[in-house]
Amino acid sequence: MHNKLLNNKPSNSASTASSPVGVMDSGVGGISVLHHIRQRLPHESIYYVADSLYAPYGNKSPAEITERCFAISDFLIAQGVKALVVACNTATAASIQAMREKYDLPIIGMEPAVKPAVKASRNGVIGVLATVGTIKSAQYAALLANYGEGVKVLAQGCVGLVECVERGELTEKTTRELVNCYLQPLLDNQADTIVLGCTHYPFLRPLIEQIVGPNIAVIDTGEAVSLQLQKKLIEQDLLMPNTDSGVEVVFWTNSQSVTAPAVIQTLYGSVANIEQLAV
Ligand code: DGL
């Protein structure tokens, strides 16, 4: 049983190791993180919320994003989750502090993989693809101050890419043109390592790798997030033991688009249990 301090913060005092993990994103991008979690922690059930009606978050104010994060967290906590993964760089930068102040359960966030990119770079020039919200955030500035010293970090805000992924347009000509237009300045400036600083972008990895070629490393944070989740669950005695009891993966979306279930299904890669989200 999860040991809790007595306070008034919303949490699931009844949550146990068999409770699901909540994963949230502005939309379908966090499914790229869900894949890493499923791989590392195959015995964990996952409840995923795609806030697609409110996507993209990248052009919203921190206050607006925090309001959405609270609404989704309230929903997931009411469904009985034992931990929350904010599978969104933009929401982590804008809201994770407020979420941790408000809720009493493990909350795992994410940030662009600047630190591993600095390690991987051979020529000291890295490019970061992210939303404008992430790039303008204090958290991103702190990340550069902590890990970017002596390295040239080129930030590229990618307006419109989240929407391409939300529509399931991963290989269309218009998507390719947009990706190319964002990568070109980074390539012109000799970046040898590209950071995918938004969880939607790993779904564009094949396109990105095709454009940058084999000599440029492309890095994302999904694996690191799954490792951090595993650590937190072990620390809090909430890790689901290896059993044959079967897992549940459920998606909620508030998208009004008729193609939304098909997009989720494609990105998830198998038949998905999809519910309509009312918040
Ligand atoms: N997947 C979100 C991220 O990692 C996208 C944010 C948005 O909706 O603009 O930043």
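Worth knowing before you read on, the calculation uses all heavy atoms, side chains too, and leaves out hydrogens, waters and symmetry mates. Positions are given from 1 along the sequence. Order of appearance sets the numbers: ligands from 1, and atoms from 1 within every ligand.
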Which residue owns the protein heavy atom closest to [atom], what's the atom, and how far is it?
{"atom": "atom 2 (C) of ligand 1", "answer": "C88 SG, 3.2 Å"}
{"atom": "atom 1 (N) of ligand 1", "answer": "T199 OG1, 2.7 Å"}
{"atom": "atom 9 (O) of ligand 1", "answer": "G58 N, 2.7 Å"}
{"atom": "atom 5 (C) of ligand 1", "answer": "C198 SG, 3.4 Å"}
{"atom": "atom 7 (C) of ligand 1", "answer": "Y57 N, 3.1 Å"}

field: Ion pair check, E172 and R167, cut-off under 4.0 Å
entry: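 No, this pair does not count.
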
query: When you look at S32 and H200, which way does the side chain to side chain contact (heavy atoms under 4.5 Å, CB included) test go after all the steps?
result: CA-CA 7 Å; S32 66; H200 283 71; over 6 Å; no

query: Between Y48 and W252, is the gap from one ring center to the other below 6.0 Å?
result: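 No: the rings miss the under 6.0 Å criterion.
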
- prompt: Would one find an N or O of T90, backbone or side chain, under 3.5 Å from an N or O of ligand 1?
  reply: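 The answer is yes, given that T90 and ligand 1 share an N or O pair closer than 3.5 Å.
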
query: Can you find an N or O of T134 that's nearer than 3.5 Å to an N or O of ligand 1?
result: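 Between T134 and ligand 1 (N or O atoms, distance only) the closest approach is not under 3.5 Å.
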
Looking at [X], which atoms of ligand 1 are within less than 4.0 Å of one of its heavy atoms?
{"X": "D25", "answer": "1 (N), 2 (C)"}
{"X": "T131", "answer": "6 (C), 9 (O), 10 (O)"}
{"X": "H200", "answer": "1 (N), 2 (C), 5 (C)"}

- prompt: Under 3.5 Å, is there a donor-acceptor pair between the side chain of S137 and the main chain of Y140?
  reply: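 Flag set: sc S137 to bb Y140 pair under 3.5 Å.
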
query: Hey, does the side chain of T221 reach the backbone of P112 with a donor-acceptor pair shorter than 3.5 angstrom?
result: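 Here the side-chain-to-backbone pair does not exist.
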
Part of N59 within contact of ligand 1 (heavy atoms, under 4.0 Å):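 None of N59 does.
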
- request: Would you sort out whether E64 and R68 count as a salt bridge (charged side-chain N to carboxylate O under 4.0 Å, His left out), showing the intermediate values?
  value: CA-CA 7 Å; E64 287 173 304; R68 290 310 305 154; over 6 Å; no

Heavy-atom neighbours of E163 CD exceed 12 at 6.0 Å: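 Above 12, so yes.
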
- prompt: Within 45° of the ring axis of Y54 and under 6.0 Å from its six-membered ring centre, is that where the NZ or CZ of K60 lies?
  reply: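 No.
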
field: Shortest reach to atom 8 (O) of ligand 1 by a heavy atom, considering only A50, A130, S26
entry: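 When every heavy atom of A50, A130, S26 is considered, S26 comes closest to atom 8 (O) of ligand 1.
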
